[in-house]
Colleague: 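One structure follows; several queries about it will come next.
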Amino acid sequence: MPDYHDDLRLGHVLADAADAATMERFKALDLKVETKPDMTPVSEADKAAEELIRGQLQRARPRDAVLGEEFGSEGTGPRRWIIDPIDGTKNYVRGVPVWATLIALMERGEGGDRPVVGIVSAPALNRRWWAADGLGAFTGRSLTSASRLQVSQVGRIQDASFAYSSLTGWEERGRLPGVLDLSRDCWRTRGYGDFWPYMMIAEGSVDICAEPELSLWDMAACAVVVKEAGGQFTGLDGKPGPHSGNAAASNGLLHEDLLGYLGDSPR
């Protein structure tokens, strides 16, 4: 089995640099914000953090490819770093502390590319989560000061806590009835949004979550953390991993139930 300890250590170095850059501009009165062609915001901090990470990767892993939200794809090869410099930019620009830098390493195998290292760093919450293939999932402030993550053992939808994204996105895709049915049947619902519900699934404080439209950089790091914590991460089509353009994540025990409500072949 490959040893990803060095890649994980590098991921923490990258996250430390990004945290410093993003926190320096968080709540800055002169923060510059633009609107991208897809009508989503991008701040100067998004661009600066991604440039910083790319620069360090170029020095530390010059043979690895990189895909980032703001500057696209660069390089080829069996190893590729996936970067979302600020997941939750809308929160960031409004001063809401729920945002994070997502860094993942994907590796090519027989079944295609799969994420093998993931770091999710949310400095405004003073939280960080990480995982590597076969090494488990952890949370803490450093590799030497961490606690292991484990998903919940909730086995019934009636007892489950469900986290969802905005209802508008589900409605636009004709899936709102399933979301409402699930909300009525489960114990508790909350719209935490972005990276956070996946980390709470890994911690065992949320049992199921789903989003109807995502990009690879939104999911790759989260998928590793959920999987290594004992959970399950698929698309709404049930295919494992972060490749479906949407996500369904759970403690594993409730995954088939979750897809029954929200999947491509709902009940």
Side-chain angles (χ1 to χ4, degrees), residues 22 26 31 33-43 45-46 69-70 82 84-102 120 122 124-125 127 129 157 160-203 205-223 225-226 231-238 242-251 254-255 257-264 266-267:
T22 52
F26 184 49
L31 180 72
V33 182
E34 304 169 8
T35 300
K36 294 192 285 189
D38 64 359
M39 302 308 294
T40 60
V42 57
S43 74
D46 291 79
E69 179 176 11
E70 307 308 336
I82 312 297
D84 189 344
I86 299 179
D87 182 54
T89 299
K90 292 177 182 177
N91 282 347
Y92 184 88
V93 301
R94 289 295 301 271
V96 177
V98 183
W99 49 271
T101 295
L102 312 184
V120 177
L125 295 176
R127 296 294 311 274
W129 305 261
I157 285 293
S161 179
F162 165 49
Y164 59 90
S165 59
S166 69
L167 295 178
T168 305
W170 293 102
E171 185 175 30
E172 289 172 350
R173 289 157 188 82
R175 296 176 185 252
L176 186 56
V179 175
L180 296 178
D181 286 344
L182 178 54
S183 299
R184 295 183 188 104
D185 291 346
C186 69
W187 170 64
R188 191 168 191 256
T189 62
R190 284 294 184 271
Y192 299 107
D194 301 307
F195 69 94
W196 208 7
Y198 303 102
M199 298 304 99
M200 287 191 279
I201 282 181
E203 292 177 337
S205 51
V206 165
D207 310 302
I208 50 177
C209 75
E211 291 186 86
E213 184 178 20
L214 293 168
S215 297
L216 181 59
W217 48 74
D218 298 312
M219 297 183 280
C222 295
V225 176
V226 169
Q232 196 167 348
F233 191 107
T234 72
L236 295 173
D237 54 11
H243 299 288
S244 299
N246 47 49
S250 75
N251 63 3
L254 295 171
H255 208 78
D257 289 322
L258 175 61
L259 293 178
Y261 284 95
L262 303 180
D264 286 349
R267 61 185 185 181

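The figures here come from the full heavy-atom set of this structure, side chains too, leaving out hydrogens, waters and symmetry mates.
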Colleague: Indicate yes or no: at least one non-hydrogen side-chain atom of Y192 is less than 4.5 angstrom from one of M200.
Modeller: yes
Colleague: Once rounded to the nearest 0.5 Å, what's the spacing between atom CZ of F233 and atom NE2 of H255?
Modeller: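 Spacing of CZ (F233) from NE2 (H255) equals 9.0 Å.
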Colleague: About how many Å separate CZ of F162 and CG of D207, when rounded to the nearest 0.5 Å?
Modeller: 11.5 Å
Colleague: I'd like to check the side-chain contact (heavy atoms from CB on, under 4.5 Å) partners of S215; sequence neighbours left out, ordered by chain and number.
Modeller: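 If we apply the side-chain contact (heavy atoms from CB on, under 4.5 Å) test to S215, skipping adjacent residues, the hits are W217, D218.
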Colleague: How close do L258 and A248 get, heavy atom to heavy atom, and via which atoms?
Modeller: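 What the structure gives for the nearest pair is CD2-CB, 3.8 Å.
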Colleague: Taking all heavy atoms of G178 and all of L262, pick out the closest pair and write down the distance.
Modeller: C-CD2, 3.5 Å
Colleague: Give a yes or no on whether the backbone of T22 and the side-chain of Y92 come within a donor-acceptor separation of less than 3.5 Å.
Modeller: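 Yes, Y92 side chain to T22 backbone: donor-acceptor pair under 3.5 Å.
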Colleague: Considering residues, nucleotides and ligands other than R173, do more than 12 of their heavy atoms fall under 6.0 Å from its CZ?
Modeller: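 Atom CZ in R173 is crowded, with more than 12 foreign heavy atoms closer than 6.0 Å.
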Colleague: Can you find a pair of side-chain heavy atoms, one from S161 and one from R190, that are under 4.5 Å apart?
Modeller: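 No, side chains not in contact.
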Colleague: Are W99 and W196 packed together at the side-chain level, in the sense that at least one heavy-atom pair is separated by less than 4.5 angstrom?
Modeller: no
Colleague: So do F195 and V98 actually touch side chain to side chain, heavy atoms under 4.5 Å?
Modeller: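 Yes, side chains in contact.
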Colleague: I want to check something: taking the side chain as every heavy atom from C-beta on, are T101 and D84 in contact at a cut-off of under 4.5 Å?
Modeller: no
Colleague: I need the single residue from D194, V206, V120 that forms a side-chain contact (heavy atoms from CB on, under 4.5 Å) with M199. Which is it?
Modeller: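 With M199 as partner, side-chain contact (heavy atoms from CB on, under 4.5 Å) holds for just one option, V120.
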Colleague: Rounded to the nearest 0.5 Å, how far apart are CG of L214 and CG of N246?
Modeller: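 That separation rounds to 7.0 Å.
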Colleague: Looking only at heavy atoms, which two atoms of G193 and P197 are closest? And how far apart?
Modeller: O-CD, 3.1 Å
Colleague: In the structure I gave you, are the side-chain heavy atoms of W170 and S165 within less than 4.5 Å of one another anywhere?
Modeller: yes
Colleague: How close do M219 and G245 get, heavy atom to heavy atom, and via which atoms?
Modeller: CE-N, 4.1 Å
Colleague: Please give me the minimum heavy-atom distance between A221 and L102, naming the atom from each residue.
Modeller: CB-CB, 4.2 Å
Colleague: Working to the nearest 0.5 Å, report the span between OG of S43 and CG of L31.
Modeller: 5.0 Å
Colleague: Are V42 and V33 packed together at the side-chain level, in the sense that at least one heavy-atom pair is separated by less than 4.5 angstrom?
Modeller: no
Colleague: Tell me whether N251 contacts the main-chain N or O of L254 through its side chain, where contact means a donor paired with an acceptor under 3.5 Å.
Modeller: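 Side chain of N251 to backbone of L254, a donor-acceptor pair under 3.5 Å: yes, one is there.
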Colleague: Do you know which two heavy atoms are closest between A249 and I201, and how far apart they sit?
Modeller: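 That would be O-CD1, 3.3 Å.
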Colleague: Determine whether T234 and S244 make a side-chain contact, defined as any pair of heavy atoms from C-beta on separated by less than 4.5 Å.
Modeller: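 No, every pair of side-chain atoms sits at 4.5 Å or beyond.
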Colleague: Please check if any side-chain donor atom of D46 sits under 3.5 Å from a side-chain acceptor atom of T89, or the reverse.
Modeller: yes
Colleague: Y198 vs E211, test: side chain to side chain donor-acceptor pair (under 3.5 Å). Steps then yes/no.
Modeller: CA-CA 11 Å; Y198 303 102; E211 291 186 86; 2.7 Å; yes
